[in-house]
A.B. asks: 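This is the structure I have questions about; it appears just below.
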There are 2 protein chains.
Amino acid sequence: MNAARIVGIALFALAGSHCFAQAGSAPHAPLQVPAKSLPVPTDVSVGMQEIIAAPLRPGWNDLWKTGEEWRKAANIAAAKTIETLPAMRERLHVTVKPSVVDGVRVFVVTPDVISPEHRDKLLLHVHGGCYELSPGEAGTPEAIMMAGLGHFKVISVDYRMPPEAYFPGALDDAMTVYKSVLKTSEPKNVAVFGTSAGGALVLEMMLRAKQLGLKMPAAIAPGTPMSDVTKTGDSFYTNEMVDNVLVSRDGFCDAATKVYAHGHDLKDPLLSPVYGDMHGFPPAILTTGTRDLLLSNTVRVHRKLRQAGVEAQLEVYEGQSHAQYSRDDRLPETREAFGEITAFFDKHLGQ
Amino acid sequence: MNAARIVGIALFALAGSHCFAQAGSAPHAPLQVPAKSLPVPTDVSVGMQEIIAAPLRPGWNDLWKTGEEWRKAANIAAAKTIETLPAMRERLHVTVKPSVVDGVRVFVVTPDVISPEHRDKLLLHVHGGCYELSPGEAGTPEAIMMAGLGHFKVISVDYRMPPEAYFPGALDDAMTVYKSVLKTSEPKNVAVFGTSAGGALVLEMMLRAKQLGLKMPAAIAPGTPMSDVTKTGDSFYTNEMVDNVLVSRDGFCDAATKVYAHGHDLKDPLLSPVYGDMHGFPPAILTTGTRDLLLSNTVRVHRKLRQAGVEAQLEVYEGQSHAQYSRDDRLPETREAFGEITAFFDKHLGQ
């Protein structure tokens, strides 16, 4: 046994003897990780294996530079999504109706059966898509899943996106609907949820509500939130080219967000809510996956919430890339994720 | 905008249209991930940056084949650890006394100040080290942190390790002490905690306690548990050569565990507790990091617990490799992790 080996084992076993970095010391060298081959995990459902096995999203490095270009791309993609919605609504026994609330477009998503304990409850949904994708009905799949699997009435905000409006247009629209909801529902009966940009918007709404002195909802569910759009967060590196949805911190989602930000400081908590003050936030459930490019964005929000004394529950799903827990309502992992969110809402709503 | 790009965006926006794998279909191709360079994250404390910046543990691929070789390596490493303990005990105002409980060696770890609400509480600690490392006093650092930071009295089990005893010797010793503790403490006043192999032992103890019809403790804290030693779990691949502590699924920890298992089936839930039935487990708090080779081992246990209806709380720390939350008691991340565990125990003990 040579000395290096002994030191190695000592390092593993050692605790409490670490030296702090000296002020002015050189920046640390990066860790060089060799190329690797990742098998599709077998400890997830067959359907989830298919999703994990999908190639890197084609067009992950499309870096459109204008709201007009993004809207064109978004509309084409939305048409494909919308084709899938009738079967999904039928499967989940949900009705979707377009409406307008104080000038903001919404979809009212109603399950055929609302649980008795949910009849006075209302969920507000803000969809994802990097502040650019999933316009119109294409933004409703997650709301349909929540309504159908959780048996809640949901209002999904079809907020304005570029080129119709830039920052803070999406947030303004979500706030308009939130304020309207508070006129007819008690805050204790309201929860707000969304994924990715929608998860960030949920957090941004809470920061804005604090600024405006509005009451908080009973609970929030920010799913894998785009909580830091400055590319800070270790999983932007560790999960690069591993996450088959977002793929890279320099990919389409970053480009889309910059177009939405329209020159605004990306570190503003209303764009990167991890930098916001989360004291006074309502109980929160956060969802992510081990391969998620935004794993760090999610766990950092979890820690910020906990540091602020907020009840916050973290759910991390095996092998999943960004937002894959809401990819297919038929998968057990999807049922599990929405089951957790429903249980969390049931625990906190109406109290 | 070409067709591939449009399809790409559609895939991202799409939900609910996924096809399930057909029975008999070919296995999925692995994902090829190019070599990459990981900067040390800047969104953690300066002290944690130092720990994350450390090179891969020298000797990570030491694959000793006998209990005797492991013991020799363990003793040398232990001597180094033990040198650091007096200063740590002094810093944390903790006294450590060796004792024997029904033939099993233990250390009784007592803080100078026990919180009034903790005076009738008792924590049982099972140390980590791949079932081979940290014999004797070298197994006490985590117990000292818990006692000093949480102001609890702790009994740390110095369970037999190869070549003194092989599977299930460690578990047997931990159970002997647990049974003894139940003679003088009410189960509602007892919690059990440990990290890595210690985290696995905590889970194995609960499985064994169920088999024996023993009462459960009030809470458990399995930190980054070695819950699956069959190398199943996606982060064995995604975090290979990223985690600078365990480094590889084929490294020293795997070799050590096989020597302990001594030919026993590695999929036995008493070696790979993720395969055990977790119904009836006490409330659990689990801790891991985004770079942890056992990230998947941890989140899979979290999900198994939740599926079994157990209250289970998951904490994932930014940028940390295996068990780095307990590396240095002076770091804010360490204080935070032990603070979470203390708060969890305070919530559940004595109820």
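Lettering follows sequence order; numbering is per chain, from 1.
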A.B. asks: Quick check: does any side chain N or O of A:Asp43 sit under 3.5 Å from a backbone N or O of B:Ser296, one acting as donor and the other as acceptor?
C.D. replies: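 Such a contact is absent between A:Asp43 side chain and B:Ser296 backbone.
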
A.B. asks: With chain B, which of A:Arg300, A:Gln313, A:Glu83 has the greatest number of heavy-atom pairs at distances under 4.5 Å?
C.D. replies: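 The residue among A:Arg300, A:Gln313, A:Glu83 with the greatest pair count is A:Arg300.
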
A.B. asks: At a heavy-atom separation under 4.5 Å, does A:Arg303 approach chain B through its side chain, its backbone, both, or neither?
C.D. replies: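 Both backbone and side chain.
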
A.B. asks: Do any of residues 286-293 of chain B come closer than 4.5 Å to chain A, heavy atom to heavy atom, and if so which ones, in number order?
C.D. replies: B:Thr290, B:Arg291

A.B. asks: Provide the full list of salt bridge (Lys or Arg N to Asp or Glu O under 4.0 Å) pairs with a residue in residues 236-248 of chain A, sequence neighbours left out, each pair given once.
C.D. replies: A:Glu240-A:Arg249

A.B. asks: Non-hydrogen atoms of chain B under 4.5 Å away: do they reach the side chain of A:Glu315, the backbone, both or neither?
C.D. replies: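 Contact with chain B: backbone and side chain both.
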
A.B. asks: Could you tell me which portion of A:Gln49 (side chain, backbone, both or neither) has an atom closer than 4.5 angstrom to a non-hydrogen atom of chain B?
C.D. replies: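 Both parts, heavy atoms under 4.5 Å.
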
A.B. asks: For each of B:Gly139, B:Pro34, B:Ala312, B:Ser37, tally heavy-atom pairs with chain A at distances under 4.5 Å, and name the one with the top tally.
C.D. replies: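 Option with the top pair count is B:Ser37.
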
A.B. asks: Please check if the side chain of A:Thr195 supplies one atom and the backbone of A:Gly128 the other of a donor-acceptor pair under 3.5 Å.
C.D. replies: no

A.B. asks: Given side chains that start at C-beta, do those of B:Asn75 and B:Pro135 come closer than 4.5 Å, heavy atoms only?
C.D. replies: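 A side-chain contact under 4.5 Å exists here.
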
A.B. asks: Side chain from CB out, backbone as N, CA, C, O: work out which of these in A:Leu56 comes under 4.5 Å of a heavy atom of chain B, or both, or neither.
C.D. replies: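 The side chain, not the backbone.
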
A.B. asks: With the side chain counted from C-beta on, respond yes when A:Val33 and A:Lys36 share a heavy-atom pair under 4.5 Å apart, and no when they do not.
C.D. replies: yes

A.B. asks: Which residue out of A:Gly339, A:Pro39, A:Ala53 racks up the most heavy-atom pairs below 4.5 Å with chain B?
C.D. replies: A:Pro39

A.B. asks: How are the rings of B:Phe252 and B:Trp70 set relative to one another: parallel (under 30°), tilted (30 to 60°) or perpendicular (over 60°)?
C.D. replies: tilted

A.B. asks: Strictly below 4.0 Å, N to O, side chains only: are A:Glu50 and A:Arg327 in salt-bridge contact?
C.D. replies: no

A.B. asks: With respect to chain A, which residue among B:Gly319, B:Ala343, B:Ala87 yields the maximal number of heavy-atom pairs within a distance under 4.5 Å?
C.D. replies: B:Gly319

A.B. asks: Which bit of A:Ala29 is near chain B, if near means a heavy-atom gap under 4.5 Å: side chain, backbone, both or neither?
C.D. replies: backbone

A.B. asks: Taking only residues two or more places apart in sequence or in another chain, which ones pass ring-ring contact (aromatic ring centres under 6.0 Å, His included) with A:His302?
C.D. replies: none

A.B. asks: Are A:Arg330 and A:Thr334 packed together at the side-chain level, in the sense that at least one heavy-atom pair is separated by less than 4.5 angstrom?
C.D. replies: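 They are not in contact (no side-chain heavy atoms under 4.5 Å apart), so the answer is no.
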
A.B. asks: Between A:Thr81 and A:Ser134, is any pair of side-chain heavy atoms under 4.5 Å apart?
C.D. replies: no

A.B. asks: Report the option among A:Arg306, A:Glu318, A:Gln32 that has the most heavy-atom pairs separated by less than 4.5 Å from atoms of chain B.
C.D. replies: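 Ranked by contacts with chain B, first place is A:Glu318.
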
A.B. asks: Could you tell me which residues satisfy ring-ring contact (aromatic ring centres under 6.0 Å, His included) with B:Tyr237, sequence neighbours excluded, listed by chain and number?
C.D. replies: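 So B:Tyr237 forms no ring-ring contact (aromatic ring centres under 6.0 Å, His included) with any residue.
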
